[in-house]
Amino acid sequence: VWKTYRAADEKKLEAEESFEEKVWSLADLLDEVTEPPDYLVDRLLPGIGFSILFGSQGAGKSVLADQIAASVATGSRIFNREVRRAGALVLDLEQDPNGAAFRWRSLLRGIGLGHVPANLYTAHSWDPVDDGGLEKLAAFLVEHPHVQLVVIDSLYNFAPESVGEGYFRDGRSMSRFTRFSKEYGIAFLICHHSKKPGPTGADNFADLASGTRGITGPAKARIGLTREEFGTVGELKVSGKLPESTIALAFDKENLVWR
């Protein structure tokens with residue numbers, strides 16, 4: 001264990017050196033940075049940073065997060081968008097293994113996948129951030145360097161205790177995910193709940209997410225999922241530091257998959 005954490009510290013140091021603070025002239029920035037923004041899922045999930053997926057209870061957030069993870073693990077298109085293949089880890093902290101296995105079997109069948117992706121991992125218990133959760137994650141990533149997506153379901157079960165104590169505390173707490181993602185070259189997809197009574201009547205759909213804008217504001221992508229209770233018609237709204245878009249969805253209840 002000590003060697004694993006030491007390796008994680010060494011990788012962190014190397015990553016920090018590559019992200020040293022730099023003041024650019026605009027001319028140098030435009031001359032040196034020529035690649036387009038990096039996505040795991042085109043115009044939906046950036047390849048670096050954290051994204052927030054929020055919706056009301058029972059809307060189908062967990063199913064969608066699992067489906068995105070499976071698409072990344074296989075490099076399969078999702079909602080007609082290109083996907084870059086990479087390993088994925090799903091911290092399924094609101095589900096027990098029996099329930100998760102049932103959902104995964106249904107989902108894999110629903111997306112037509114005849115095999116279980118070898119580079120897709122899941123855990124149902126994980127220490128929260130304040131108890132060493134990120135250090136444990138760093139050790140896992142050192143041992144599994146192909147993993148570039150970490151799904152956290154949900155923020156409530158993993159976040160620092162300071163989340164929920166006001167805008168500035170929320171922003172500082174969430175910045176830990178931003179720094180970690182840069183240090184280890186990964187993307188977080190974090191499931192979060194929306195405010196009751198549900199996603200209606202807000203001027204800004206991102207304000208439907210529970211908590212302050214300190215949680216959603218720093219996110220690379222804010223992904224809001226709506227579905228009427230017991231219904232099959234859904235909608236995905238995407239905003240943040242990427243082009244805004246709206247995706248019409250249909251929920252396949254039999255196979256527990258979004259289409």
Side-chain angles (χ1 to χ4, degrees), residues 1 3-8 10-12 14-15 38-42 44-51 53 60-127 133-154 157-158 177 180-191 221 223 252 254-259:
V1 175
K3 289 183 179 179
T4 300
Y5 276 80
R6 181 181 177 186
E10 290 173 350
K11 179 166 182 174
K12 178 179 178 180
E14 292 174 359
D38 177 47
Y39 290 102
L40 281 176
V41 181
D42 186 39
L44 178 63
L45 183 62
I48 297 290
F50 78 88
S51 298
L53 169 60
K61 300 183 299 295
S62 297
V63 170
L64 178 58
D66 288 351
Q67 190 172 344
I68 291 173
S71 294
V72 170
T74 58
S76 304
R77 293 172 66 93
I78 183 170
F79 310 140
N80 203 32
R81 302 195 178 203
E82 294 290 339
V83 176
R84 175 163 59 82
R85 187 182 183 192
L89 168 65
V90 178
L91 301 184
D92 194 354
L93 306 179
E94 294 191 343
Q95 180 72 281
D96 62 84
N98 289 341
F102 173 80
R103 189 169 70 199
W104 276 111
R105 290 189 183 99
S106 298
L107 191 153
L108 294 176
R109 180 178 64 248
I111 62 177
L113 198 62
H115 67 281
V116 178
N119 58 345
L120 182 54
Y121 307 88
T122 185
H124 305 282
S125 176
W126 202 275
D127 296 325
L134 289 179
E135 289 79 8
K136 183 177 179 180
L137 180 57
F140 176 87
L141 293 173
V142 168
E143 293 182 342
H144 304 81
H146 57 288
V147 170
Q148 297 178 28
L149 171 63
V150 176
V151 174
I152 299 175
D153 190 4
S154 66
N157 295 283
F158 189 74
F177 293 107
F180 187 95
S181 70
K182 290 181 178 179
E183 290 167 2
Y184 290 94
I186 65 151
F188 284 108
L189 178 60
I190 303 175
C191 296
I223 307 168
D252 180 344
E254 180 179 353
N255 294 303
L256 298 179
V257 65
W258 285 100
R259 305 192 187 280

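Numbering starts at 1 and runs along the sequence shown.
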Peer 1: Listed by chain and number, what are the side chain to side chain contact (heavy atoms under 4.5 Å, CB included) partners of A86, not counting sequence neighbours?
Peer 2: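 A86: side chain to side chain contact (heavy atoms under 4.5 Å, CB included) contacts with L40, V72, Q148.
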Peer 1: Determine yes or no for a side-chain-to-main-chain donor-acceptor pair under 3.5 angstrom, with H124 supplying the side chain and L93 the backbone.
Peer 2: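 Checked: no pair found.
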Peer 1: Can you sort out the partners of D127 under salt bridge (charged side-chain N to carboxylate O under 4.0 Å, His left out), two or more places apart, ordered by chain and number?
Peer 2: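 Salt bridge (charged side-chain N to carboxylate O under 4.0 Å, His left out) check on D127 returns nothing, list empty.
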Peer 1: Partners of Y39 by ring-ring contact (aromatic ring centres under 6.0 Å, His included), sequence neighbours excluded?
Peer 2: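 Not a single residue meets the ring-ring contact (aromatic ring centres under 6.0 Å, His included) criterion with Y39.
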Peer 1: Can you check whether G110's main-chain N or O pairs, donor with acceptor, with R259's side chain at less than 3.5 Å?
Peer 2: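 Yes, R259 side chain to G110 backbone: donor-acceptor pair under 3.5 Å.
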Peer 1: Restricting to salt bridge (charged side-chain N to carboxylate O under 4.0 Å, His left out), what partner residues turn up for R81, sequence neighbours left out?
Peer 2: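 By the salt bridge (charged side-chain N to carboxylate O under 4.0 Å, His left out) rule, R81 matches no residue at all.
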Peer 1: Just jot down the salt bridge (charged side-chain N to carboxylate O under 4.0 Å, His left out) partners of D38, sequence neighbours excluded, or say none.
Peer 2: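 R84.
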Peer 1: Partners of F50 by ring-ring contact (aromatic ring centres under 6.0 Å, His included), sequence neighbours excluded?
Peer 2: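 Counting only residues at least two positions away or on another chain, F50 forms no ring-ring contact (aromatic ring centres under 6.0 Å, His included).
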Peer 1: If every non-hydrogen atom of N98 is compared with every non-hydrogen atom of D96, which pair is closest and at what distance?
Peer 2: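 Between these two residues, the closest heavy atoms are N-OD1, 3.0 Å.
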Peer 1: By side-chain hydrogen bond (donor to acceptor under 3.5 Å, both in side chains), which residues pair with N80, not counting sequence neighbours?
Peer 2: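 N80 satisfies side-chain hydrogen bond (donor to acceptor under 3.5 Å, both in side chains) with R77 only.
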Peer 1: Restricting to side-chain hydrogen bond (donor to acceptor under 3.5 Å, both in side chains), what partner residues turn up for H146, sequence neighbours left out?
Peer 2: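 With neighbours one apart ignored, the set is Y121.
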Peer 1: What is the distance from atom OG1 of T74 to atom CG of L113, rounded to the nearest 0.5 Å?
Peer 2: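 CG of L113 is found 6.0 Å from OG1 of T74.
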Peer 1: Quick one: sort the W126 and F140 rings into parallel, tilted or perpendicular, breaks at 30° and 60°.
Peer 2: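 Ring orientation of W126 relative to F140: perpendicular.
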Peer 1: Can you sort out the partners of R105 under salt bridge (charged side-chain N to carboxylate O under 4.0 Å, His left out), two or more places apart, ordered by chain and number?
Peer 2: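 Residues passing salt bridge (charged side-chain N to carboxylate O under 4.0 Å, His left out) with R105: none at all.
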Peer 1: Return the CD1 to OG distance between I190 and S51, rounded to the nearest 0.5 Å.
Peer 2: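 Rounded to the nearest 0.5 Å, the CD1-OG separation comes out at 8.5 Å.
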Peer 1: List the atom of L120, the atom of A73, and the distance in Å for their closest heavy-atom pair.
Peer 2: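 Taking L120 first and A73 second, the nearest heavy atoms are CB-CB, 4.0 Å.
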Peer 1: Extract all donor-acceptor atom pairs below 3.5 Å that involve side chains of residues 64-71 and protein atoms in other chains or at least two apart in sequence.
Peer 2:
residue: D66; atom: OD2; partner: R103; partner atom: NE; Å: 3.0
residue: D66; atom: OD2; partner: R103; partner atom: NH2; Å: 3.0
residue: Q67; atom: OE1; partner: W258; partner atom: N; Å: 2.8
residue: Q67; atom: NE2; partner: W258; partner atom: O; Å: 2.8
residue: S71; atom: OG; partner: Q67; partner atom: O; Å: 3.1

Peer 1: Which residues satisfy the side-chain hydrogen bond (donor to acceptor under 3.5 Å, both in side chains) test with N119, sequence neighbours excluded?
Peer 2: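 If we apply the side-chain hydrogen bond (donor to acceptor under 3.5 Å, both in side chains) test to N119, skipping adjacent residues, there are no hits.
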Peer 1: Under the rule for side-chain hydrogen bond (donor to acceptor under 3.5 Å, both in side chains), what residues qualify as partners of S154, not counting sequence neighbours?
Peer 2: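 Listed in chain order: E94, N157.
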Peer 1: Please determine whether side-chain contact (heavy atoms from CB on, under 4.5 Å) holds for the pair I48 and I186, giving the CA-CA distance in whole Å, both sets of side-chain angles, and the decisive distance to 0.1 Å.
Peer 2: CA-CA 5 Å; I48 297 290; I186 65 151; over 6 Å; no
Peer 1: For the side chain of S181 and the backbone of G49, is there at least one donor-acceptor N/O pair under 3.5 Å apart?
Peer 2: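 Checked: pair present.
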Peer 1: Under the side-chain hydrogen bond (donor to acceptor under 3.5 Å, both in side chains) rule, what do D153 and S62 come out as? Steps first, then yes or no, please.
Peer 2: CA-CA 7 Å; D153 190 4; S62 297; 2.5 Å; yes
Peer 1: Hey, is the main chain of E254 close enough, under 3.5 Å, to the side chain of D252 for a donor-acceptor pair?
Peer 2: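 Answer holds: yes.
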Peer 1: Please report the closest heavy-atom contact between L89 and L137, naming both atoms and the distance.
Peer 2: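 For L89 and L137, the tightest heavy-atom pair comes out as CD2-CD1, 3.7 Å.
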Peer 1: Is the side chain of T122 donor-acceptor paired with the backbone N or O of V90 at a distance under 3.5 Å, no angle test?
Peer 2: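 Such a contact is found between T122 side chain and V90 backbone.
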